[in-house]
Amino acid sequence: MTSSPIWHPFTQHGLQPEMIPVRSARGAWIKTPAGDLILDAISSWWVVTHGHCHPRIVGAIEEQARRLDQVIFAGFTHAPAEMLARGLIDIAPEGLAHVFFSDSGSTSVEVALKMALGYFRNIGAPRRRIVALEHGYHGDTIGGMSVGARGIFSAAYETLLFEVERIPFPSPGNEQATIDAFDAACANEPTAALIVEPLVLGAGGMLVYDARVLQELQRIARHHGALFIADEVMTGWGRTGALFASDKAGVTPDILCLAKGITGGSLPLAVTLCTSDIFEAHRSTDRSKTFFHSSSYTANPIACAAAVANLEIWREEPVADKIAALTMAQEERLGALRSHSAFSDARQIGTITALDLNVPDAGYLASVGLQLMQHFLDRGVLLRPLGNTIYVMPPYCITPDELDLVYASIAEAPDVLAGESP
Ligand code: PMP
């Protein structure tokens with residue numbers, strides 16, 4: 001067999017030469033060509049919300065593909081985009097009035113940053129400072145990496161990244177330091193925007209923090225005239241228990257980034273929502289004030305139709321009940337691991353749980369990450385630990401029995417790994 005020419009994302013091919021082929025997926029399960037089933041306990045990188053191949057979304061995609069597959073979105077529009085934009089404004093936090101489309105979480109962040117700087121330039125008071133949270137993750141494009149935590153992921157590209165003011169992560173008991181650092185940063189130099197992952201930092205290690213911090217950060221941002229950007233690429237679409245983490249935290253961002261679950265996890269699509277002040281600062285007869293951003297597939301009609309179907313599912317199906325039941329089911333099962341001496345810092349927010357396996361070399365590159373993943377796969381479970389941090393972020397259709405399988409595989413991981421070590 002010749003080796004594949006494909007270069008996979010976030011994959012060290014030298015350590016992981018073989019990829020697992022996947023033929024189909026339904027609900028919480030993916031299936032290999034050999035017929036093996038794997039339980040998708042991380043929603044295929046946090047995108048699948050209602051389950052793989054939800055019939056309503058698949059139907060909408062089929063229907064739209066026959067009618068209009070793609071059309072240029074500069075100077076043109078179409079029904080799926082219009083319906084989606086209106087639907088999003090209806091459910092988004094108060095004050096968000098305009099929708100800009102792009103294709104991924106990373107591009108929704110790039111758009112957010114450009115909107116913020118464009119706003120201040122266009123109102124004739126340019127600002128360039130961006131403030132971000134320590135341990136944050138906002139994507140792998142240059143802007144996303146710049147505002148995200150620096151480390152092994154960004155080391156090779158450091159010269160391309162722009163400078164950002166970083167404030168400490170508000171770990172329990174240290175919230176005031178974060179708030180004070182933001183106030184000081186704004187007082188020190190006019191700040192264009194603060195960008196945060198509200199309530200939980202995802203790729204940074206599923207680090208949960210208090211809603212009051214966000215309310216304070218928003219108050220300070222308002223006071224200094226800085227924009228508040230909520231990157232809800234991961235937290236959006238029910239993950240934290242509420243539709244959006246901003247709602248749960250009681251904040252109303254000026255700019256909101258959404259992707260992943262916007263299509264229920266079926267097709268790539270993202271949006272950046274903003275206030276009318278930001279839009280109006282760009283609307284002009286002066287062409288130099290245009291928002292200079294586009295991509296070929298902006299608001300692809302098939303992806304928009306999938307997202308419209310997703311909104312219908314949220315409106316008409318018992319999604320909130322499923323999320324509430326999943327939240328409780330996760331709580332029970334995580335509770336049973338809290339006293340396990342091999343784990344520490346068991347934490348949960350809504351449908352997401354996480355805990356750290358006690359190992360000497362903690363961190364994202366902890367060698368235990370790949371061993372853990374292999375162990376879970378041996379048990380028929382897809383979990384992809386962030387180093388020694390194991391987290392569970394399943395689609396909302398997962399059943400209690402399926403969750404039992406996930407947690408049984410976590411509970412036995414320390415012993416299995418200990419048995420394997422030389
Ligand atoms: N922001 C956050 C908070 C994310 O979690 C991610 C992806 N995990 C991104 C941005 C980037 O999204 P994408 O991978 O779709 O570009």
Side-chain angles (χ1 to χ4, degrees), residues 8-11 40 42-49 100-116 130 132-151 153-154 157 161 164 166 169 193-209 214 228-240 244-246 248-249 251 253 255-273 293 295 297-298 300 303 306-307 310 349-352 354 364 382-387 389 391-393:
H8 287 260
F10 261 74
T11 299
D40 188 353
I42 56 161
S43 302
S44 276
W45 255 348
W46 321 346
V47 301
V48 177
T49 46
F100 192 93
F101 288 95
S102 63
D103 329 287
S104 71
S106 303
T107 53
S108 74
V109 168
E110 299 288 335
V111 166
L113 298 171
K114 286 173 71 173
M115 275 180 178
I130 304 284
L133 269 189
E134 180 193 16
H135 305 311
Y137 176 81
H138 300 284
D140 289 330
T141 48
I142 299 298
M145 271 195 294
S146 295
V147 292
R150 306 287 167 89
F153 318 99
S154 56
Y157 328 113
L161 307 183
V164 165
R166 229 165 281 279
F169 174 71
L194 167 73
I195 181 163
V196 291
E197 292 162 85
L199 294 180
V200 50
L201 309 196
M206 299 298 157
L207 305 174
V208 180
Y209 65 100
L214 283 168
F228 187 97
I229 304 175
D231 173 355
E232 293 227 31
V233 168
M234 189 280 272
T235 56
W237 308 106
R239 294 291 180 197
T240 68
F244 301 119
S246 299
K248 187 172 173 128
V251 292
I255 301 179
L256 173 70
C257 304
L258 298 174
K260 293 191 188 279
I262 190 172
T263 59
S266 61
L267 284 172
L269 184 72
V271 288
T272 308
L273 278 68
H293 193 96
S295 61
Y297 285 102
T298 303
N300 171 261
N310 174 46
I349 181 164
T351 69
I352 308 167
Y364 184 83
L382 169 54
L383 284 173
R384 197 173 185 278
L386 298 156
T389 298
Y391 69 90
V392 184
M393 197 192 296

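Quantities reported herein were computed from a predicted structural model and do not represent experimental measurements. For ligands, and for the atoms within them, numbers begin at 1 and follow the listed sequence.
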With heavy-atom distances below 4.0 Å as the criterion, list the atoms of ligand 1 near M234. 5 (O)

Could you identify the single nearest non-hydrogen protein atom to atom 1 (N) of ligand 1 and state the distance to 0.1 Å? D231 OD2, 2.7 Å

Note, L199 side chain near I349 side chain (heavy atom, < 4.5 Å): yes

Passes side-chain hydrogen bond (donor to acceptor under 3.5 Å, both in side chains), S44 versus D40? Steps please. CA-CA 6 Å; S44 276; D40 188 353; 2.8 Å; yes

Of all the atoms in ligand 1, which lie at a distance below 4.0 Å from a heavy atom belonging to W46? 5 (O), 8 (N)

Please say which of V47, V48, L382 ends up in a side chain to side chain contact (heavy atoms under 4.5 Å, CB included) with I42. L382

Provide the closest heavy-atom pair for W45 versus P9 in the form atom of the first, atom of the second, distance. CZ3-CG, 3.9 Å

What pair of heavy atoms forms the shortest contact from L386 to G202, and how long is it? CD1-O, 3.6 Å

State the CD1-OG distance between I229 and S108, to the nearest 0.5 angstrom. 10.0 Å

Closest heavy-atom contact between A306 and T263? CB-CB, 4.1 Å

Counting each atom of ligand 1 from 1 as listed, which ones have a heavy atom of S106 under 4.0 Å away? 11 (C), 12 (O), 13 (P), 16 (O)

Just jot down the ligand 1 atoms closer than 4.0 angstrom to any heavy atom of E197, in number order. 3 (C)

Starting from atom 9 (C) of ligand 1, locate the nearest protein heavy atom and write down its residue, its atom name and how far away it is, to 0.1 Å. V233 CG1, 3.7 Å

Could you list the atoms of ligand 1 found under 4.0 angstrom from a heavy atom of H138? 1 (N), 10 (C)

For atom 8 (N) of ligand 1, find the nearest protein heavy atom and state the residue, atom name and distance (0.1 Å precision). K260 NZ, 3.0 Å

For atom 15 (O) of ligand 1, state which one of G202, G105, A270 supplies the nearest heavy atom. G105

Are any of the heavy atoms in E232 under 4.0 Å away from ligand 1? no

